[in-house]
Amino acid sequence: MTEKTELIGLSKTELEAEIARIGEKPFRAKQVWHWLYHQGAVDFSQMSNLSKDLRQKLAENFTVTRPKIVAEQVSADKTHKWLLEFSDGQRVETVYIPEEDRGTVCISTQVGCAVGCTFCHTGSQKITRNLTAAEIVSQFMVARDAYNEWPTPTDEIRYLSNIVVMGMGEPLHNVENTFKALKILSDGEGIAISRRKITLSTSGIVPHIPEVASELGCRLAISLHGSNNEIRSRIMPINKKYPIEEIMKACQEFQKRAANCRYITFEYLLLDGLNDSLENARELVELMKKYKIDAKFNLIPFNPWPGCDYRPSSRNRAFAFSKELQKFGFAAPIRVARGQDILAACGQLKSKKQEDKAGVK
Ligand code: SAH
Ligand code: SF4
């Protein structure tokens with residue numbers, strides 16, 4: 001018998017082709033899509049408006065799979081973290097961050113990361129492989145299962161209202177699968193997370209930045225972390241390939257292509273004595289002015305991890321940095337680290353389990 005096809009992660013067109021392959025009419029693909037992504041069905045037997053024969057036929061040809069939940073933790077501030085395992089045993093983490101007026105699911109796109117930023121724990125794990133579109137989409141579906149948010153709520157009040165592609169990996173090193181997954185997640189006849197509520201974060205893989213606007217139409221965040229090439233190259237080796245000026249030009253192109261995009265978010269990790277002077281803040285202002293970028297800064301307190309020598313900036317320095325940017329009209333909130341007691345914060349994902357494996361206490 002031929003191997004069954006996994007339905008999660010197929011584009012609508014691909015699903016239609018699969019349904020046609022088993023000799024069914026196109027409207028059946030619509031129904032199946034609805035069951036998968038609107039109702040959250042994990043079993044063909046749940047698809048109650050399909051005949052028993054058809055349900056059986058589907059089960060004979062296809063699968064619907066969720067990754068295995070290997071571990072999950074909820075922190076004191078209600079941040080929820082899942083360690084998920086795929087069929088080949090590879091693992092990633094997914095995090096849900098509830099806030100007062102919204103809830104954000106942070107999803108991963110790769111196992112490890114090839115960019116190798118010196119401050120990032122994922123970057124120290126090297127790249128193992130890209131996630132498939134199914135693996136990216138199903139991370140969000142696991143979170144929805146947990147909060148029982150099926151069928152897709154029609155109102156705007158959802159626990160899981162936003163998506164950030166800020167987990168493990170560099171999404172623009174896995175463009176095809178990431179874009180495919182985000183198109184599925186934003187499809188109005190399924191999970192229906194509006195593109196305006198999805199943010200893709202990148203370390204600055206220049207050639208693909210404008211496509212985030214034209215192909216996806218979601219929000220863009222750039223991990224900048226350095227105000228000049230000297231500093232940035234030191235902490236983000238990718239800067240030698242794609243220096244700041246190239247990133248700025250790609251952002252200009254993004255702005256041109258993005259209909260009603262109000263601003264681009266620049267993430268800026270504050271590292272004590274390294275990139276957090278007032279002069280650095282002014283360099284950022286100059287950059288944004290020179291390239292006419294509508295920018296918002298997200299100032300991120302550095303999360304230390306074992307084996308990494310950087311220190312977070314003091315509160316005073318962080319505050320002064322933020323004030324300096326604000327003086328020139330830029331929003332520059334200092335991000336509150338969430339889920340610290342369960343290591344759910346940026347750049348720490350999957351670190352504890354690996355240390356456990358290695359016997360580190
Ligand atoms: N690869 C993409 C998306 C994942 S990283 C990118 O780099 O944008 C998500 C965010 O976490 C990035 O802004 C990254 O710089 C930040 N981050 C990485 N390590 C961190 C650490 N130790 N402390 C705080 N933030 C960190
Ligand atoms: Fe990769 Fe992003 Fe970490 Fe850099 S910060 S190593 S790009 S995951």
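Counting convention: from 1, in listed order, for ligands and their atoms alike.
Residue-ligand proximity, C120 to ligand 1, at heavy-atom distances under 4.0 Å covers atoms 18 (C), 19 (N). Set against the non-hydrogen atoms of L269, the atoms of ligand 1 under 4.0 Å away are 23 (N), 24 (C), 25 (N), 26 (C). Contact atoms of ligand 1 toward F302: 21 (C), 22 (N), 23 (N) (distance under 4.0 Å to a heavy atom of the residue). Proximity to T202 (heavy-atom distance under 4.0 Å) selects the following atoms of ligand 1: 6 (C), 8 (O).
Counting heavy-atom neighbours within 6.0 Å of R311 CZ, excluding the residue itself, gives a total of 12 or less.
Of the candidates T152, V137, D187, V137 is the only one forming a side chain to side chain contact (heavy atoms under 4.5 Å, CB included) with Y37.
For R158 and E149, the salt-bridge test fails: no basic side-chain N is under 4.0 Å from an acidic carboxylate O.
For the ligand labelled ligand 1, residue H225 lies inside the 4.0 Å heavy-atom shell. Remark: distances from the non-hydrogen atoms of W305 to ligand 1 include one below 4.0 Å.
Ring centroids of Y96 and Y159 are separated by 6.0 Å or more, keeping the two rings apart. A ring-centre distance under 6.0 Å is not found for F119 and Y310.
Using a 30° and 60° split on the angle between ring planes, W82 and Y147 fall in the perpendicular class, above 60°.
S223 is not listed as a side-chain neighbour of T202, based on a closest heavy-atom distance of 4.5 Å or more.
Residue contacts with ligand 1 for E170 involve both N, CA, C or O and side-chain atoms from C-beta outward (heavy atoms, distance under 4.0 Å). Residue-level proximity to ligand 1 for N303 is carried by backbone and side chain together, each with a heavy atom below 4.0 angstrom.
Distances from atom 13 (O) of ligand 1 to the heavy atoms of P312, C106, S223 put S223 nearest. The closest non-hydrogen atom to atom 3 (C) of ligand 1, taken over P301, C308, S201, comes from S201.
Take atom 3 (Fe) of ligand 2 and draw a sphere of radius 2.8 Å; the protein N/O/S atoms inside it number 1.
Residue-to-ligand polar distances place G169 within reach of ligand 1: an N/O pair is separated by less than 3.5 Å.
Here the side chain of N61 pairs no donor or acceptor atom with the backbone of L58 at under 3.5 angstrom. A donor-acceptor pair under 3.5 Å links the side-chain atoms of H225 to the main chain of L269, judged by distance alone.
Neither side chain, E93 nor S108, offers a donor N or O lying under 3.5 Å from an acceptor on the other.
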Open item on the list: Pair E16, R28 - check salt bridge (Lys or Arg N to Asp or Glu O under 4.0 Å), show working.
Closed with: CA-CA 8 Å; E16 277 162 19; R28 295 293 182 199; over 6 Å; no
